[in-house]
There are 2 protein chains.
Amino acid sequence: MGPVRLLLLVAVAALAAAVGEAVYIPYNTSAGVVAGKLNVHVVPHTHDDVGWLKTVDQYYVGSNNSIQGACVQNVLDSLIPALLKDENRKFIYVEQAFFQRWWRNQNDMIKDTVKGLIDAGRLELINGGMCMHDEAAVHYIDMIDQTTLGHRFIKEEFGQIPRIGWQIDPFGHSAVQAYLLGAEVGFDAFYFFRIDYQDRDTRKGTKELEVVWRGSKTLGSSADIFAGIFPKNYEPPPGGFYFEVDDDSPVVQDDPLLFDYNVEERVNDFVAAALAQDGRVNALYSTPSIYTDAKYAANEPWPLKTNDFFPYADNPNAYWTGYFTSRPALKRYVRMMSGYYLAARQLEFFKGRHKSGLTTNSLGDALALAQHHDAVTGTEKQHVANDYAKRLSIGYTQAQELVSTSLGCLTESGSKSRCSSPTTKFSECLLLNITYCPSSEMDFSNGKSLVVLVYNSLGWKREDVIRIPVFSDSIVVHDSEGREIESQLLPIADASLNLRDKHVKAYLGTSPHANPKYWLAFSVSVPPLGFNTYLVSNTKKSAFVSSKSTIYSTQGSANSNLQVGQGHLKLQYSATGSLYSDSKTRIEANFEQKYKYYIGQDGNGSDPQASGAYIFRPNGTVPIKNGGQITRVYKEKDYVETEFIVGPIPTDDGNGKEIATEIITNMATNKTFYTDSSGRDFIKRIRDYRSEWKIDVHQPIAGNYYPVNLGIYVEDGSKELSVLVDRSVGGSSIKDGQIELMLHRRLLHDDGRGVAEALNETVCVDSQCEGLVIEGKYYLKFDPQGEGAKWRRTFGQEIYSPLLLAFSEQDGGNWVNSHSPKFYAMDPTYSLPDNVALLTLQELEDGNVLLRFAHLYEAGEHKDLSSLASVDLKKVFPNNKIDKIVETSLSANQERAAMEKKRLKWKVKGAPVKENVVRGGPVDSSKLIVELGPMEIRTFILSFDDDIRGKQLL
Amino acid sequence: MGPVRLLLLVAVAALAAAVGEAVYIPYNTSAGVVAGKLNVHVVPHTHDDVGWLKTVDQYYVGSNNSIQGACVQNVLDSLIPALLKDENRKFIYVEQAFFQRWWRNQNDMIKDTVKGLIDAGRLELINGGMCMHDEAAVHYIDMIDQTTLGHRFIKEEFGQIPRIGWQIDPFGHSAVQAYLLGAEVGFDAFYFFRIDYQDRDTRKGTKELEVVWRGSKTLGSSADIFAGIFPKNYEPPPGGFYFEVDDDSPVVQDDPLLFDYNVEERVNDFVAAALAQDGRVNALYSTPSIYTDAKYAANEPWPLKTNDFFPYADNPNAYWTGYFTSRPALKRYVRMMSGYYLAARQLEFFKGRHKSGLTTNSLGDALALAQHHDAVTGTEKQHVANDYAKRLSIGYTQAQELVSTSLGCLTESGSKSRCSSPTTKFSECLLLNITYCPSSEMDFSNGKSLVVLVYNSLGWKREDVIRIPVFSDSIVVHDSEGREIESQLLPIADASLNLRDKHVKAYLGTSPHANPKYWLAFSVSVPPLGFNTYLVSNTKKSAFVSSKSTIYSTQGSANSNLQVGQGHLKLQYSATGSLYSDSKTRIEANFEQKYKYYIGQDGNGSDPQASGAYIFRPNGTVPIKNGGQITRVYKEKDYVETEFIVGPIPTDDGNGKEIATEIITNMATNKTFYTDSSGRDFIKRIRDYRSEWKIDVHQPIAGNYYPVNLGIYVEDGSKELSVLVDRSVGGSSIKDGQIELMLHRRLLHDDGRGVAEALNETVCVDSQCEGLVIEGKYYLKFDPQGEGAKWRRTFGQEIYSPLLLAFSEQDGGNWVNSHSPKFYAMDPTYSLPDNVALLTLQELEDGNVLLRFAHLYEAGEHKDLSSLASVDLKKVFPNNKIDKIVETSLSANQERAAMEKKRLKWKVKGAPVKENVVRGGPVDSSKLIVELGPMEIRTFILSFDDDIRGKQLL
């Protein structure tokens, strides 16, 4: 976001004319870089949000212009003739979501013209993802997916490979963006502008706005990238070269026959601004690629930058750390869909693509848009947030049909190749967060049974407890071998039923006719990349309703002196706090779980900076006595699950509020905590401190908040406290021994960064609106010092990829006899190593398969697991013979080897650091073993022998 | 003006796609008109003001967008590819001022493409003038000039002749527009929308929105035109097909892959609106030409419309009659420049074009723009009014140089052909209205003399009194034969000196060093189309300063019982009024001249319609006790000249005010008065009555106001009272026997028609601002019944074309010996007939000459002068042999004969009326006599034998 979004091409054309076409003063812009002069690279570009004040389609077609006069198809339409007018002109285009919309409406003549311009390097498709994704509230898997979508289109349609990262607007920059979405996709450089104002000032002084950014400790210099930080904004330094509909920047008026001809004046402004830097000026039309090559040609060493650029502040009281949490429901929706998309593509592959016409494309597109830096960030207008949710819903509905079909085929035939429309239908329950599941709320009294198919998209076998709402209290659960298994019926809390009533009405328009009485809970065991099936049916025997069970609910801190936990982990509640004791790890720790709210600064009066969608600016902290939460300790599990229900946040006192939970311990953590970078690497954070520059602390809370996608932890030398999250949130350790997460925000003022709407989400029933309620979970665990990583990585992956529950009905017959109750995609004896996750298994349009594995550990993170791992592809694909396999760049648009070869290697100032980067070796096509070093992600395209399509892989 | 101004082509393209390109619903738009169906002609167009909220150049280049997001070059740029996309698409373009700006910046490829589109009738240049001129506050000569400029460009560049009038925005429509700027330029039809809402409602009921408009009583059916009035607005009836940047009309979203696809919905809206009228629908891309041809092909008779469409009201309290007077200073400036332009082109021709590089083009362009319906109307923002004035000033300065050069040549050599840079320089005094004339304020004591060259651009000899300010009281005037002639020195009124002080400071930045003491007045006699020279010098003898002279000043009504006038006309002032007595005509009439102001409705509270730039809505009338005026009766003249100085209008009581003067008599005028149509035909007005429809009177004052460009008169059967004006004003006869003119308006509220600025003109000196002062003149005369026309026509022409005064200095030598003091362009024995005016004498770029004569009388207007007149071209051009002469259409873009032949002849309902239209016959190329029937204007292009250039005339 930014005060100005669309730089219309007409303006660029005017600028062009200003420099190239003036009648009286012919400026020469045809030359390239000239040695000995200050070469000013004029980069005409447009910044087109794929949704912000208007929806992506409104921006594209130019509708809803009363909100903002912006029409992207006009930009693209006018681009072409403007480029054709002068062969020196160049333009870069970023957002493939818009470009693809435009491209498919062009005729062959325009397409040929555009291809010519692209081939000539005059129109450069840069960055190349569907959107310019956010870097704080996004998960790295989503970043990869949305970038891959855009990059593969560019490759297929134009044969081009984007060279440059161009993240000029996101509100801070992540290490993962630099090394993974930068270096590992093959980018030579990465340009952006939003870094902390103090950091920028420091860098201006030390001339360190251009650096080599080493975002990964583990991959070190092998994933370096050249990073250029704009000195001011994404307009040129002199200002006023910023051309938008209704913007009051003076256009370059280059017709000397008209009034207000101002070419000399504008050129003088431009030259003066350039001269303020150095020597003689040579201005040229350019692109970031040309600029990057010029920098590289200088063959100079650059300062080294590590870690990331969070948090971002644009002035002392404006930390952009509110958006780490803004719109937590949307953030959760995005995260759920992300995991679902991963699973759905697996099932799409197992069944075989194109067999039914159903695809995951729509979900993929919706997810790609949702990664935009005004989407998952929560910084868009409400109607635009609704549009993203609507797209996810449509995408999910289509993907769910595909999943149902695939599961139907897999249960009916066990073979994907002969199935396209199975008779068995599966439904799902997306609304378990509001205790609503029509499938499980069936009447068991008539002899019908509920079939619960549990799919596991992870490469490891999983044991887990599932919970579904039921009406009956006479229920029995059988596994697929017909064995009755232990189950419990747990009373549903009133708070949950109230949530259910209200939100079912809000969703469906009518209230549910009756409320289920219980959660049915039972343990399941599911093979890696496979499913297992359970049957829930009526039982004659009187029900055993647990009043004190392995799953114990306690609300808030009302019950004191209560012990929870039937396994080795126990929680002992007392009036003064809780005692965590794990008999297995011998960890004991006192802790308190509390809630509090920050009062959002209202921005009235003389100090106008309000807390808002972007910015977190607390004006006081107030403890909350009785927060709504359910804490669970599962018998077989060694962590604490906390389910919270936050909201409606009251605002009748005229104050916006931002709700945080905190876990307080007496650990001596020395101002230090760790948060993940886009869900991947953990980065060390020190309170009121930045590792590469001296910070002047104005906002001791907001200025210490960081994005949390996977988790946050602290350590004191003897133990670690880790907290993992179910979505992106903002988090910090504001005091030693403490961790806090901001869970929800409801604010009454706009924070003045353009969205012009207060972040005040409501849910309306019968036109009565209340503040939005957020349900969610976080998980905490104490570990002995140095041993927390295993849980964070393994369980973190399980949070990202929850078990997929699909429901069907058995009416009389015997399901197990007529269906395959179990499915193993891999060799039944095989599972992926503990330190490897399958990020992508997807059949592409051409029949080839996209495969992506990630090593989950950083170097040194775990004594055993931070080692080279191996995946045996023959066992991953036991039923298919791999015919060809090619390793590619992360975004699968070029061969990895070619990428390595051509990617620019940048020199770093100072003495070289000794490194021991471990990466897997080449894949031998006969052995088919994929090795992965720590933090390595390897991407492959492969084809199978039994597949006649798509023998050319790239 | 209107709430929406720019219909961007992108929108039109979207509409196009909506009907032609939708994937799911292929609509056929390739067909033409289909018989038996309701043929809906979809006419994509844009309405681009050549100045309104922004200046013409700001609109063109798209600057100053914070006021309005509008960029005409974008419209034109995007037009071409949109038309190329689908050969069925069509577009019309109107404003040549914009089109020419764009055209000269296009390369040959684009030009060829555009020419192809124009040749194919797909891009139609319609209306074709430089702007869409106003029809109330414009003079017909300006309408002709600005239309000729546009039409000749279109002819020369594209070989096209616009067929259709397209005046969709002006605020009411004049008879002159219909018959003269419509039929006489060869238009087949004329489309517009702003007519009185009651008139429109009536016409909807009687199905008379399409009519044959007979605008001229005199020319009758020979100047009929088909006129189509839009039923609602200039958007299609269903509404919402109105596409502008930032407008909230829904765009047609025709990409089914995007959200909010609405093609069906929009097409259904469209079809429903069409079906509401009749039968089956056939929609086609069309132009007004195609529509007109379809109407004509129906071969049906149409209702007859006579007179005009003034005044315009869009609701009961909103009469658009304020703009008849708004910005009276700009209106006067335009009128002065109009007369000057006519004279300057004559002098340009006498000297020979291209001899010095100086041209009148800049003044012609500035005047053309000033005719726009938000220019001379006074309905633009202040900064835009300043822009028009600046353009006129630049144009005048260039034309004045040309005039000086031409006069220099004519005085030095008497022959145009050998002169390009004469040594004699002439200056002019444009600021005599503030008593400022540096040329005449010279020091005569050192023996220098002031040379006063007096040029007469009329075709008749003129005797007149000229007045110039002087310092000296010892002055003598000699004529060109060396004879001393009678002169008077008249004290300059204090009010005039105050005006001078303030405005000279405002113009020059410094106050004049001293004030002149006297007006020097003397009679001059000047040949037709020629000049005479007078010398003003020092005299030794003691000055005779008249205290009671032929020119007598009296201020206001302070002096009672005073007699003015030394000729046959005398005014006798008394406490109860004035007696007008003319011993020659034996007319005696009592009359009072008074001032009053209307309180401008402020639009606050429940009744929000304010009086403003467009709308006159008085809220009470207040008499003014002591108006600032000077009444003059010239010895040899038979009319009363009243010079008024109005302003600064005080507003410290919080009220805007509109100042009117009224002339009150006891004449029994039976609610009837006459006002001119665009300075030409007089139209009968009856108070509270419309001749063709029944009016419901809500605004008895504002609703009876009419535009006055030439004059207004009343009659009572025995005498006529005529009042002539020096600029366009609003006028009426609110009571029997009374005439009133609104002279100035200063208002504090916007009237809600888009300009969004109160009409509150000020003049600032040293950043102290006061309300604008208006100086001007009106002229009144009583005539015996039936005899007023001669004065109105002859003196009206003299007001339009005042004597041009050019000043030089004689230092010692004898001017008369070294210069030609007299010049006769025509045969010295010849003058044009009393009923004929020379409208245009102009050498064109190609060396040919454009010549236009106008008969000044309507049929029956004058017993002698409403007859066929003859002009002898051999005597008009005694020094040149006419080689070729072609009569053309009014706008000189086609041969008159061809135009007559092809122009559509429309049938009128009802029995044919007996007509006796007199028009001049063809010009015999040997006799070279041009005959003109009443109200006839004939236009010719001719070339001379002595001129080797441009033998092809058209």
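In this text, all values refer to a predicted model and were calculated from it rather than measured experimentally. Sequence lines set the chain letters: A, B, ... in the order given, protein chains first and strands last, and positions in each chain run from 1.
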Measure the CG-CD distance between B/Asn64 and A/Gln253 for me, rounded to the nearest 0.5 Å. 12.5 Å
From CG (A/Asn74) to OG (B/Ser78), nearest 0.5 Å: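 Answer rounded to 0.5 Å: 7.0 Å.
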Go through the structure and list residues passing side chain to side chain donor-acceptor pair (under 3.5 Å) with A/Glu157, not counting sequence neighbours.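 Side chain to side chain donor-acceptor pair (under 3.5 Å) check on A/Glu157 returns A/Trp103.
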Tell me every residue that passes side chain to side chain donor-acceptor pair (under 3.5 Å) with B/Asp365, counting only those two or more places apart in sequence or in another chain. none
Should we count CD of A/Glu156 as having more than 12 external heavy atoms under 6.0 Å?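 More than 12 heavy atoms, drawn from other residues, nucleotides or ligands, come within 6.0 Å of this atom.
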Contacting region of A/Gln106 [heavy-atom separation from chain B under 4.5 Å]: side chain
Please identify each residue that fulfils salt bridge (charged side-chain N to carboxylate O under 4.0 Å, His left out) with B/Arg101, with sequence neighbours left out.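 Salt bridge (charged side-chain N to carboxylate O under 4.0 Å, His left out) check on B/Arg101 returns B/Asp57.
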When you look at B/Val61 and A/Leu258, which way does the side chain to side chain contact (heavy atoms under 4.5 Å, CB included) test go after all the steps? CA-CA 9 Å; B/Val61 304; A/Leu258 306 189; 3.8 Å; yes
For B/Ile394, is it the side chain, the backbone, both, or neither that has a heavy atom closer than 4.5 Å to a heavy atom of chain A? side chain
Does any non-hydrogen side-chain atom of A/Asp255 lie less than 4.5 Å from one of B/Arg104?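 SC-SC contact between B/Arg104 and A/Asp255 confirmed.
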What are the residues of residues 386-393 of chain A, in order of number, with any heavy atom under 4.5 angstrom from a heavy atom of chain B? A/Asp387, A/Lys390, A/Arg391
Chain A shares the most heavy-atom pairs under 4.5 Å, among B/Ile67, B/Val56, B/Asn105, with B/Asn105
